[in-house]
Amino acid sequence: MLLNIITTKEEKTEMVIFAEILEHIQLVMKEKIDAPEFLFESSWEVCNKVGGIYTVLSTKAQTLKKQFKDNLIFIGPDFGTSSPDFKEDPSLFHEWKAYAKSNEQLNFKTGRWDVPGQPIVILVDYKPFFNDKNTFFYTMWEKFQVDSIHAYGDYDESCVFAHAVGKVIESYYHYYHLEGKNVVALFNEWMLAMGALYLQIQVPQIATLFTTHATSIGRSIAGNNKALYAYMEGYNGDQMARELNMEAKHSVEKQAAHHVDCFTTVSDITATECKQLLDKAPDIVTPNGFEPNFVPEKATYAKKREEARRCLINVAEKLLGCEVDPNALLISTSGRYEYRNKGIDVFIEAMNRIRTCGKLQREIIAFLMVPAWVRAPRADLQEAIRQDITTDSPMQLPFITHWLHNMMEDRVLNYINYAGFTNSTLNKLKIIFVPCYLDGKDGIFNKSYYDMLIGMDATIYPSYYEPWGYTPLESVAFGIPTITTDLAGFGLWAKHFVSGNEIAEGVKVIERTDFNYFEVADGIMETILALANMEQDDRLKIRQNCFKLAEKAEWSKFISYYNQAFKIALQNARKRNQA
């Protein structure tokens, strides 16, 4: 590199050449100073599939692993039961583990996450630290004014876990003598915020990052049927936290945002929310990517899609008591059971409008794949599947695949009944509620979510509150066109590359406000009717457009935002320690 500089600058004076060489060396050294050598990332969802953060971390792992090798360590909770994607390896850090247990009362398992990249994972037994909860909470108040006095629900457990994570990182740092190394620790969501604050007290040399994937108070405002967006500029986060009994969660989240070395969030729409409700704009937006190797290769894609369609149609036929056209349009929504925030209500309303519009020429089966309080898979449905018997009449309650504990109070079932669905053979559109986690052992489908998603013809996510929106991104990554809204971070991101006006582009982005519920339902109806009337060749072209859009959101492209965040954290930690 230096030789090239010299030989191409022969006519320059020696002083100019020396200055350029010195500048180059300084740039190289600066990059090295700001480059992390160790990364700890922690979340409640490490090897614990309960929401979208699991997908963020599990798909990001391979790209980070290429950068950090085994200096990348994920930390999650140990519930005392086996996790299907945690492969325990007691030999990992064997001596440190023994030392930490006998000298620091830290008990944890070591192994690897069974996802592409196979990163190292530590699962921490955090329950013994409940005994120190009050002391720890007092320290958080004294040092950072984190108000835990109004805590309830999952607050104590989450914060005790975060405390345990901080202690594990502290122990590793000192045992392996990482002083002088560039070490960064990334904590996800309010549940881990106290871990970041703990490290700033105990190991100030570690650069801390905190990512909020959705502010606790913003989600609460939206979930309580308040107009979040129309009155955003008028909301005071502290005031709303008191009104909605969210003071503890809001407090720890806000203080972490203000005190960590780098505060990030996942989309521009949530950045605006953070600035208003947490009184702190993020230092950088780190959007969520996806790893393409989760999608079957071309050779197996068609086979997996056909298997999924057979499974979906077979279950539908047994439940409905009638044959389903093999070319029926299969559509779905999925995600957490947040009835308004995720647009579940709008989905059902749109399906009802399609059913009753009199314009539908093609059969549609609409699946609501939203985990609820499941009691058991339906025995009658299991038996019909086992014996491969399709009766000539629908089963009792032909809308649901698993019995629930609260059948009478379930909002999805109540709205389906209120709207007048019967799933009669006379209806071109039938709706089916799949209220379980699709983990391959649900008792009815016995396939994973991705193995079901690939069989769909379209997905619909009419979200009201969606900081990013992994489900529509997953959909286009699998070649399935999707409908989302401009209140979802992914929807806004997609509009940088497509107009969002036509499903033919792979994603239709519907404008959503606090008050246009019925217009959104109509927009979904019109889009699905248009898709139902398309020929097979047109839908194959849409699939290719989906793949092209998904390529732009791969982690190989988005990881640069994280590298910039690490750089910011290291620079700010250095300033903090020099102050």
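- Side chains of T55 and E474 form a contact here, defined as non-hydrogen atoms less than 4.5 Å apart.
- Of all heavy-atom pairs spanning K342 and E466, the tightest one is NZ-OE2, 3.0 Å.
- Although no hydrogens or angles enter the test, the distance criterion places a donor-acceptor pair under 3.5 Å between the side chain of E363 and the main chain of D325.
- Of the possible polar contacts, one joining the Q276 side chain to the E233 backbone as a donor-acceptor pair under 3.5 Å is found.
- Within 6.0 Å of atom CZ in F515, more than 12 heavy atoms from other residues, nucleotides or ligands are found, so the atom counts as buried in its surroundings.
- Between the side chain of H258 and the main chain of L278, a donor-acceptor pair closer than 3.5 Å is present.
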> Does the side-chain contact (heavy atoms from CB on, under 4.5 Å) test come out yes or no for I217 and Y235, once each step is laid out?
Replying inline: CA-CA 10 Å; I217 190 60; Y235 282 122; over 6 Å; no
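- Remark: the backbone N or O of P371 is not paired with any side-chain donor or acceptor of R336 at under 3.5 angstrom.
- With 3.5 Å as the limit, one finds no donor-acceptor pair spanning the side chains of T485 and E511.
- Here the closest heavy-atom approach between residue A248 and residue H150 is recorded as CB-C, 4.2 Å.
- With sequence neighbours excluded, the residues satisfying side-chain contact (heavy atoms from CB on, under 4.5 Å) with A61 are F74, V115, P119.
- With a 4.5 Å cut-off on side-chain heavy atoms, K508 and T482 do not count as touching.
- The closest side-chain donor-acceptor pair between S334 and Y461 falls under 3.5 angstrom.
- The closest donor-acceptor contact from the side chain of N224 to the backbone of S220 lies under 3.5 Å.
- Side-chain atoms of N236 and Q239 form no donor-acceptor pair, as typed in the model, at a separation below 3.5 Å.
- The 12-atom threshold is exceeded at CD of E554, counting heavy atoms of other residues, nucleotides or ligands nearer than 6.0 Å.
- Counting only heavy atoms from C-beta outward, the side chains of L413 and I400 approach each other to under 4.5 Å.
- Under 3.5 Å, the side chains of D238 and H250 contain a donor-acceptor pair of N or O atoms.
- Remark: R340 engages N225, D345, Y464 in a side-chain contact (heavy atoms from CB on, under 4.5 Å) (not counting sequence neighbours).
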Under 3.5 Å, sequence neighbours excluded: what are the donor-acceptor pairs made by side chains of residues 534-549?
| from | atom 1 | to | atom 2 | distance (Å) |
| --- | --- | --- | --- | --- |
| Q536 | OE1 | R539 | NH2 | 3.0 |
| N545 | ND2 | A504 | O | 2.7 |

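- For the 3.5 Å distance criterion, the side chains of S560 and N563 fail to qualify, holding no donor opposite an acceptor.
- With T270 contributing its side chain and V266 its backbone, the two residues share no donor-acceptor pair below 3.5 Å.
- Screening Y54, F79, W190 against W44 for a ring-ring contact (aromatic ring centres under 6.0 Å, His included) leaves a single residue, F79.
- Panel note: side chain N516, backbone T513; a donor-acceptor pair is recorded below 3.5 Å.
- Within the 4.5 Å cutoff, no side-chain heavy atoms of Y437 are placed close to those of K49.
- Nearest heavy atoms, A372 versus F433: CB-CZ, 4.1 Å.
- When only modelled atom types and interatomic distance are considered, S424 and N427 share no side-chain donor-acceptor pair under 3.5 Å.
- Electrostatic pairing of D457 and R305 counts as a salt bridge here, judged by a charged N lying under 4.0 Å from a carboxylate O.
- Counting all heavy atoms, side chain and backbone alike, I480 lies closest to L453 at CG1-O, 3.8 Å.
- Checking E41 against N188 by side-chain atom types alone, a donor-acceptor pair falls below 3.5 Å.
- A donor atom on one side chain and an acceptor atom on the other are found under 3.5 Å apart for T59 and Y470.
- None of I483, I460, D522 except one satisfies the side-chain contact (heavy atoms from CB on, under 4.5 Å) rule with T527; the exception is I483.
- Counting only N and O atoms by type, the side chains of E273 and Y465 include a donor and acceptor under 3.5 Å apart.
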> Hey, mind stepping through F478 and Y450 against ring pair (Phe, Tyr, Trp, His ring centres under 6.0 Å) and telling me if it holds?
Replying inline: CA-CA 8 Å; F478 274 79; Y450 288 159; 5.1 Å; yes
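- In this model, a donor atom of one side chain and an acceptor atom of the other lie less than 3.5 Å apart for T286 and T264.
- F210 and A256 get closest at one heavy-atom pair: CD2-CB, 3.8 Å.
- Taking 4.5 Å as the limit, some side-chain heavy atom of E291 sits within range of a side-chain heavy atom of T63.
- Not a single donor-acceptor pair under 3.5 Å links the side chain of D486 to the backbone N or O of G491.
- Although no hydrogens or angles enter the test, the distance criterion places a donor-acceptor pair under 3.5 Å between the side chain of T215 and the main chain of G218.
- For N352 and T356, the side-chain atoms include no donor-acceptor pair closer than 3.5 Å.
- For the residue pair E253 and T212, a side-chain donor N or O sits within less than 3.5 Å of a side-chain acceptor on the partner.
- For the pair L438/F445, a side-chain contact is recorded, criterion being any heavy-atom separation below 4.5 Å from C-beta on.
- Under a 3.5 Å cut-off, the side chain of K60 and the backbone N or O of I559 do not form any donor-acceptor pair.
- A 6.0 Å sphere centred on NZ of K275 holds no more than 12 heavy atoms belonging to other residues, nucleotides or ligands.
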>> Please determine whether ring pair (Phe, Tyr, Trp, His ring centres under 6.0 Å) holds for the pair Y561 and W555, giving the CA-CA distance in whole Å, both sets of side-chain angles, and the decisive distance to 0.1 Å.
In response: CA-CA 10 Å; Y561 296 104; W555 275 119; 9.6 Å; no
